[in-house]
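For reference, the structure discussed in these notes is given below.
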Amino acid sequence: INPEFRPKLNLLYYSIFAFIAWAFLSSIFGHNFYMSFWGDMERSEGLILWLHLLAYFTVISSVLKTEKNWLNFFDVNLGVSIIVFALGFIQAFFPKIITFGSGDQRVSSLFGNASFLAAYVFFCMAFAAYLFVKRKNILLKIYYAAMFFVSGYLILLTQTRGAFVGLLAGIFSSLVLIIFTKKIDKNFRRVSLLIIALVVALSAIF
């Protein structure tokens, strides 16, 4: 009813909508539309998932209007992750108490899939890093820093090789974006340049 909370149709929204429309077309002309729509039991990556994500994107982009709203939203997500992390560490260090997933050595927590957990943890790391920069309270900064490093350790426990590549790529691309940010501190920009140079050099050596 309130027009303030109606979806804003911008380039990003049109891009996501176009992607899903294209996925529908490829599914219609694909081998098995039924499977394309519903996905399978293991991964559930069908069109039904993309429709849910489109609805979710529409809701949060329409309701969360201010930076304060987004920061609180990230805080709630990070708070929920504490439960997921705790169960993951119990699975890793006290497997007789609680077991999830396929029963192997890779930690999967409530996801039942170590690779999926690693992807989820990436979001938590990003939220923690962003909140660390934005929040001014020193105790909160300690909490966010702890969550960031705990997240990194949990990725190690998932034993997902692709996750390490994704982590390095994410850090590298973030540093590149920082360099081109106008309002960034000069010393921070120099440190970012140094880290990028080290990453490039180490990659060349390997």
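These numbers come from the heavy atoms of this one structure, side chains and all, not from hydrogens, waters or symmetry mates.
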Query - Candidate pair M125 and I155, rule side chain to side chain contact (heavy atoms under 4.5 Å, CB included), full reasoning - result: CA-CA 10 Å; M125 290 186 77; I155 289 178; 3.5 Å; yes

Query raised in the report: Does the side chain of M147 come within less than 4.5 Å of F132's, by heavy atoms?
Result: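 Not touching, per the 4.5 Å side-chain cut-off.
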
Query raised in the report: Do the side chains of L131 and L140 get nearer than 4.5 Å, heavy atoms only?
Result: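 The answer is no; the side chains never approach within 4.5 Å.
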
Got more than 12 heavy atoms from elsewhere within 6.0 Å of [atom1], [X]?
X   : atom1 : answer
F17 : CZ    : no
K8  : NZ    : yes
F73 : CZ    : yes

Over all heavy atoms of both residues, which pair between [X] and [Y] is shortest? Give the atoms and the distance, please.
X    : Y    : value
T58  : Y13  : OG1-OH, 3.0 Å
L78  : Y144 : CD2-CD2, 3.7 Å
V80  : Y120 : C-OH, 4.3 Å
A163 : A118 : CB-CB, 3.9 Å
R106 : Q159 : NE-O, 3.6 Å
S15  : L11  : OG-O, 2.7 Å

What distance do [X] atom [atom1] and [Y] atom [atom2] have between them, rounded to the nearest 0.5 Å?
X    : Y    : atom1 : atom2 : answer
S62  : F57  : OG    : CZ    : 8.5 Å
L175 : L194 : CG    : CG    : 10.5 Å
L117 : C124 : CG    : SG    : 8.5 Å
L71  : F127 : CG    : CZ    : 11.0 Å
H52  : L47  : NE2   : CG    : 12.5 Å
I20  : L25  : CD1   : CG    : 12.5 Å

Query raised in the report: Relative to the ring of Y130, is the ring of F74 parallel (under 30°), tilted (30 to 60°) or perpendicular (over 60°)?
Result: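 If you compare the ring of F74 with that of Y130, the planes turn out perpendicular.
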
Query raised in the report: Relative to each other, are the rings of F93 and F89 parallel, tilted or perpendicular (30° and 60° limits)?
Result: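 Answer is parallel, since the angle falls under 30°.
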
Query - Single-linkage hydrophobic cluster, 4.5 Å side-chain cutoff, L198 and L177 together - result: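 No; L177 is not reachable from L198 via cluster members.
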
Query raised in the report: Do F111 and Y56 sit in the same hydrophobic cluster, where Ile, Leu, Val, Met, Phe, Trp and Tyr count as joined when their side-chain heavy atoms come under 4.5 Å apart?
Result: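 Yes, F111 connects to Y56 through the hydrophobic network.
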
Query raised in the report: W50 and F19: ring-ring contact (aromatic ring centres under 6.0 Å, His included), yes or no, with the steps?
Result: CA-CA 10 Å; W50 286 107; F19 172 80; 5.0 Å; yes

Report task. Let me see the working for W70 and I60 under side chain to side chain contact (heavy atoms under 4.5 Å, CB included), right down to the final yes or no. Result -> CA-CA 9 Å; W70 280 103; I60 61 173; 4.0 Å; yes

Query - Test log, rule side chain to side chain contact (heavy atoms under 4.5 Å, CB included), inputs N137 and Y143 - result: CA-CA 10 Å; N137 186 295; Y143 161 65; over 6 Å; no

I'd like to know if the side chain of [X] reaches the main chain of [Y], judged simply by a donor and an acceptor atom lying under 3.5 Å from each other, with no hydrogens or angles considered.
X    : Y   : result
W38  : I48 : no
N72  : N69 : no
K134 : E67 : no

Query raised in the report: Mind checking what makes salt bridge (charged side-chain N to carboxylate O under 4.0 Å, His left out) contact with R135, not counting sequence neighbours?
Result: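 Salt bridge (charged side-chain N to carboxylate O under 4.0 Å, His left out) list for R135, sorted by chain: D75.
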
